[in-house]
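Below: one structure, written as structure tokens.
In what follows, chains carry the letters A, B, and so on, assigned in the order in which the sequence lines appear, proteins first and then strands, with residues in each chain numbered from 1.
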Amino acid sequence: MSEAAVKTVRKHRPKYLNLPALIFEIRLPLPGWISILHRISGALLFVALVWLLWMLDRSLASEAAFSKIKHYAGLWPVKLSLLVLVWAYCHHFFAGIRYLFLDLDKGIDLATARLTSWLVLASSLATTAFLAWKIW
Amino acid sequence: MTQRIVTGAHYGLRDWLAQRITAVIMAVYSVMAVVVFLSNKSMTYPVWRDLFSQGWMRVATLLFMASLAWHAWVGVRDILMDYVKAAGLRLALEVLVLLTIAAYVGWTIQILWR
């Protein structure tokens, strides 16, 4: 098909993707939330990687540096940031396992996909809580 | 209608597969690391240092980092392809991301074998 022929065939559909519509009217289904959170958590972990590597570097440098990092990790803004990153890791982990099963055509019907979405949310929050309790 | 700018056989399949294989490697390491970390009652410096001075831990952590490098590259590139439409800017960001990831891998080797 030539370019001109394609243009006449293509319909002009109305666009309905302004910001208020995206926020208030178009409801993202739960598996969609798992998906966008998978992307956000992945991006967050990549951005935070330099900070985490720095802390690993310092913690293995010497006894004194280790104590400093331990103290640093106890400060509440640092603690809060680490907690967010632990959640991001857990979410990325569980949602990722879900995607591996979806890739194998397992759990692709709507009911199962919704159920596994809830499972991802619940397990990532539970694991975050468990790790936070263990670490601090 | 599909319009491909970059053509070639199984374009993208290798990255797609690599992202999944590296995900499994990192998942196995993560579970192992959590078990190892939590099996120590208190994480003092000698315990921490001895853990990372063992050969298997160094190699496993490096494998984790290598997996992360490839995995993150595919993921970040996907994000850039979705949101950065200007080809020049996207290419510049991709090069920046690649250089950053390479630096992280180098840094990890330095941390593990100091």
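Ring planes of B:Tyr45 and A:Phe66: tilted class, angle from 30 to 60°.
Between B:Arg20 and A:Leu100, the closest heavy-atom pair is CG-CD2, 3.5 Å. Taking all atoms of both residues into account, the shortest heavy-atom contact from B:His71 to A:His92 is NE2-NE2, 4.1 Å. Across A:Glu63 and B:Pro46, no two heavy atoms sit closer than the pair OE2-CD, 4.4 Å.
If you measure heavy-atom distances from A:Leu53 to chain B, the contacts under 4.5 Å come from both the backbone and the side chain. Residue B:Leu112 does not touch chain A at all, counting heavy-atom pairs closer than 4.5 Å. Heavy-atom distances place both the backbone and the side chain of B:Ala27 under 4.5 Å from chain A. Contacts between A:Phe130 and chain B at a heavy-atom distance below 4.5 Å involve the side chain alone, from C-beta outward. With a threshold of 4.5 angstrom between heavy atoms, B:Tyr104 approaches chain A through its backbone and through its side chain. Heavy-atom distances place no part of A:Tyr99 under 4.5 Å from chain B, backbone and side chain included. Neither the backbone nor the side chain of A:Ile135 comes within contact range of chain B, judged by heavy atoms closer than 4.5 Å. Using a 4.5 Å cut-off between heavy atoms, A:Ser59 contacts chain B through both its backbone and its side chain. Neither the backbone nor the side chain of B:Asp50 comes within less than 4.5 Å of any heavy atom in chain A. For a residue to count as touching a neighbouring chain, one of its non-hydrogen atoms must lie under 4.5 Å from one of that chain's; by this rule B:Ser53 does not touch chain A. Using a 4.5 Å cut-off between heavy atoms, A:Ala65 makes no contact with chain B at all.
Within 6.0 Å of the NZ atom in B:Lys41, the count of heavy atoms belonging to other residues, nucleotides or ligands does not exceed 12. In this structure, A:Lys70 places its NZ atom where more than 12 heavy-atom neighbours from other residues, nucleotides or ligands lie under 6.0 Å away. Within a 6.0 Å radius of CZ in B:Arg114, other residues, nucleotides and ligands contribute more than 12 heavy atoms. The number of heavy atoms from other shown groups lying within 6.0 Å of CZ (A:Phe101) does not exceed 12. Within 6.0 Å of the CH2 atom in A:Trp51, the count of heavy atoms belonging to other residues, nucleotides or ligands exceeds 12. Crowding of A:Trp76 atom CH2: a count of heavy atoms from other residues, nucleotides or ligands under 6.0 Å not exceeding 12. By the 6.0 Å contact criterion, CZ on B:Arg58 is enclosed, its count of non-hydrogen atoms from other residues, nucleotides or ligands being greater than 12. Within 6.0 Å of atom CH2 in B:Trp113, more than 12 heavy atoms from other residues, nucleotides or ligands are found, so the atom counts as buried in its surroundings.
The existence of a salt bridge linking B:Asp78 and A:Arg39 is excluded, since no basic side-chain nitrogen approaches an acidic carboxylate oxygen closer than 4.0 Å.
Here the side chain of A:Lys134 pairs no donor or acceptor atom with the backbone of B:Phe37 at under 3.5 angstrom.
In the hydrophobic cluster analysis, where Ile, Leu, Val, Met, Phe, Trp and Tyr join through side-chain heavy atoms closer than 4.5 angstrom, A:Val84 is grouped apart from A:Leu125. Placement of B:Ile25 and B:Met65 in two distinct hydrophobic clusters is found when ILVMFWY residues are connected by side-chain heavy-atom separations under 4.5 Å, directly or transitively. A:Met55 and B:Val36 fall within the same hydrophobic cluster, defined by Ile, Leu, Val, Met, Phe, Trp and Tyr side-chain heavy atoms under 4.5 Å apart, directly or through other members. A:Leu85 and A:Leu83 fall within a single hydrophobic cluster, where Ile, Leu, Val, Met, Phe, Trp and Tyr side chains are chained together by heavy-atom contacts under 4.5 Å.
Looking at heavy atoms from C-beta onward, B:Leu68 lies in side-chain contact with A:Leu49 at the 4.5 angstrom threshold. With a 4.5 Å cut-off on side-chain heavy atoms, A:Asp103 and B:Trp16 count as touching. Looking at heavy atoms from C-beta onward, B:Trp107 lies out of side-chain contact with A:Leu56 at the 4.5 angstrom threshold.
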